[in-house]
Amino acid sequence: MYEDPRCPYCKHFEEGGARAVARLAAEGKVKIRYTIASFLDADPDEGGSKRAVNAMRAAVERGTFPEFHAAVFAGQPEKETDDAFTADDLLKIADKVPGLRGPAFDRAVRENTYQDFVKAAQAAFEDSGVNRSPVVLIDGKEPSGDGRAMFDADAFQKVLAESGVS
């Protein structure tokens with residue numbers, strides 16, 4: 001899965017088709033590999049997507065990535081141009097995820113501890129040949145079918161099944 005935390009289409013996907021993928025992952029039927037990009041940030045060194053990717057990486061350390069990932073997209077600003085993922089905003093979002101907040105997580109968010117990871121994730125996005133988000137690949141290929149299905153859990157479940165994922 002290729003996403004940018006500030007991408008409104010990614011938020012729409014998270015509210016729809018991603019739920020079908022998450023169900024399959026929770027059942028142990030699929031493994032999700034995320035490439036969380038930060039291409040929507042105008043500044044090459046700073047921006048809300050980069051801060052959000054950094055915070056998501058910090059959530060991995062706390063074992064709460066799926067919950068925090070969902071909370072970040074749910075807390076996305078209304079306009080893509082609104083850079084609302086400040087450290088304070090991300091910590092408020094983290095308050096909604098039980099067991100996430102703590103000194104190490106908070107420090108990682110405030111100090112951008114994982115900025116090397118953020119740069120590597122963006123480089124992986126660029127190297128992948130993917131030029132938009134959200135993108136879901138199944139064994140390296142985009143599923144066939146109506147692209148709008150991504151935004152509806154039931155419709156995307158059918159696309160996944162047609163691709164051999166169920």
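Small disclaimer: the values here were computed from a predicted structure and weren't measured.
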Novice: Which side chain to side chain donor-acceptor pair (under 3.5 Å) pairs, counting each pair once, include a residue from residues 12-29, with sequence neighbours left out?
Specialist: Glu27-Lys29
Novice: Only counting residues at least two apart or in another chain, list the ones meeting ring-ring contact (aromatic ring centres under 6.0 Å, His included) with Tyr2.
Specialist: none
Novice: Any side-chain heavy atom of Arg57 within less than 4.5 Å of one from Val118?
Specialist: no
Novice: When Asp4 is tested against each of Ser49, Ser133, Ser38 for side-chain hydrogen bond (donor to acceptor under 3.5 Å, both in side chains), which residue passes?
Specialist: Ser49
Novice: Can you list everything that forms a side chain to side chain contact (heavy atoms under 4.5 Å, CB included) with Gln76? Sequence neighbours excluded, please.
Specialist: Pro8, Lys11, Phe73, Phe85
Novice: Quick one: do Thr35 and Ser128 satisfy side-chain contact (heavy atoms from CB on, under 4.5 Å)? Show the steps, please.
Specialist: CA-CA 10 Å; Thr35 300; Ser128 73; over 6 Å; no
Novice: Give the intermediate values and the outcome of side-chain contact (heavy atoms from CB on, under 4.5 Å) for residues Met1 and Val21.
Specialist: CA-CA 10 Å; Met1 294 174 75; Val21 178; 4.2 Å; yes
Novice: Write down the atom of Val53, the atom of Pro5, and the distance for their closest heavy-atom approach.
Specialist: CG2-CG, 3.9 Å
Novice: Give every residue pair that meets the ring pair (Phe, Tyr, Trp, His ring centres under 6.0 Å) criterion with at least one member in residues 91-120, sequence neighbours excluded.
Specialist: Phe68-Phe105
Novice: Is any side-chain heavy atom of Arg51 closer than 4.5 Å to one of Asn112?
Specialist: yes
Novice: Which residues pass the side chain to side chain donor-acceptor pair (under 3.5 Å) test with Arg33, sequence neighbours left out?
Specialist: none
Novice: Would you call Asp43 and Lys50 a salt bridge, taking side-chain N to carboxylate O under 4.0 Å as the test?
Specialist: no
Novice: Run the side chain to side chain donor-acceptor pair (under 3.5 Å) test against Glu111 and tell me which residues pass, sequence neighbours left out.
Specialist: none
Novice: Output all residues satisfying side chain to side chain donor-acceptor pair (under 3.5 Å) with Arg110, sequence neighbours left out; order by chain, then residue number.
Specialist: Asp88
Novice: Suppose the criterion is ring pair (Phe, Tyr, Trp, His ring centres under 6.0 Å): which pairs have a residue in residues 17-60, not counting sequence neighbours?
Specialist: Tyr34-Phe65, Tyr34-His69, Phe39-Phe125
Novice: List, one per line, each side-chain donor-acceptor pair under 3.5 Å for residues 152-166, sequence neighbours excluded.
Specialist:
unit_1 : atom_1 : unit_2 : atom_2 : d
Asp152 : OD1    : Asp154 : N      : 3.2
Asp152 : OD1    : Ala155 : N      : 2.7
Ser163 : OG     : Val159 : O      : 3.1

Novice: For Val97 versus Ala71, what's the shortest heavy-atom pair and its separation?
Specialist: CG2-CB, 4.1 Å
Novice: Can you list every pair that meets side chain to side chain donor-acceptor pair (under 3.5 Å) and has a residue in residues 90-99, with sequence neighbours left out?
Specialist: Asp95-Arg101
Novice: Which residues pass the side chain to side chain donor-acceptor pair (under 3.5 Å) test with Asn54, not counting sequence neighbours?
Specialist: none
Novice: Holding to side chain to side chain contact (heavy atoms under 4.5 Å, CB included), I want the full list of residues that pass it with Glu142, two or more places apart in sequence or in another chain.
Specialist: Arg132, Val135, Leu137
